[in-house]
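Following: one structure in structure tokens, then a few remarks.
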Amino acid sequence: FFLVSVDMPVSANLDDASGLRLRFSGELLSNSVPCLVTLVLEGTCFEPLNILVKVNCEETVFGLNLLNRIVNLLAEPARG
């Protein structure tokens, strides 16, 4: 997947990540079906962020599996 666009709102509060939107695009190697993944962040950098994940893919089973993997990756507690 490649990062295709970033929407970064301007805020007076530097630790506010609300509205940050990252869009990634790629395609399935087996059949060249395009896929778009969008992440939208809400909250501040000093607290756990709320992240909305959207997967838009013509291949439904692949899209659902990818969405589940992304959500599981984001929900994993940080190791340290």
Q. Salt bridge (Lys or Arg N to Asp or Glu O under 4.0 Å): which pairs involve residues 16-40, sequence neighbours left out?
A.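 Every salt bridge (Lys or Arg N to Asp or Glu O under 4.0 Å) pair that includes a residue of residues 16-40, provided the two are not neighbours, is D7-R21, D7-R23.
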Please answer: with hydrophobic residues joined when any side-chain heavy atoms are less than 4.5 Å apart, are [X] and [Y] in the same cluster?
{"X": "L64", "Y": "L28", "result": "no"}
{"X": "F24", "Y": "L49", "result": "yes"}
{"X": "V71", "Y": "L22", "result": "yes"}
{"X": "V37", "Y": "L29", "result": "no"}

Distance in Å, [X] [atom1] paired with [Y] [atom2], rounded so as to fall on 0.5 Å steps:
{"X": "L73", "Y": "N68", "atom1": "CG", "atom2": "CG", "result": "12.5 Å"}
{"X": "L41", "Y": "M8", "atom1": "CG", "atom2": "CE", "result": "10.5 Å"}
{"X": "E42", "Y": "L20", "atom1": "CD", "atom2": "CG", "result": "9.5 Å"}

Q. Looking at residues at least two apart in the chain, or sitting in another chain, which of them share a side chain to side chain contact (heavy atoms under 4.5 Å, CB included) with L52?
A.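 For L52 the side chain to side chain contact (heavy atoms under 4.5 Å, CB included) partners, ignoring immediate neighbours, are V40.
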Q) Can you list the other members of the hydrophobic cluster that holds F46, where links are side-chain heavy atoms under 4.5 angstrom apart? A)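 Once heavy-atom contacts under 4.5 Å are chained together, F46 still belongs with nothing else.
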**Q.** L14 atom CG, neighbour heavy-atom count above 12 within 6.0 Å
**A.**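 Open.
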Q. Do L66 and C35 touch side chain to side chain, with heavy atoms closer than 4.5 Å?
A.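 Heavy-atom side-chain distance check passes, below 4.5 Å.
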Q.
I'd like to check V55 versus F62 (side-chain heavy atoms, cut-off strictly below 4.5 Å). Are they in contact?
A.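 No; the side chains remain at least 4.5 Å from each other.
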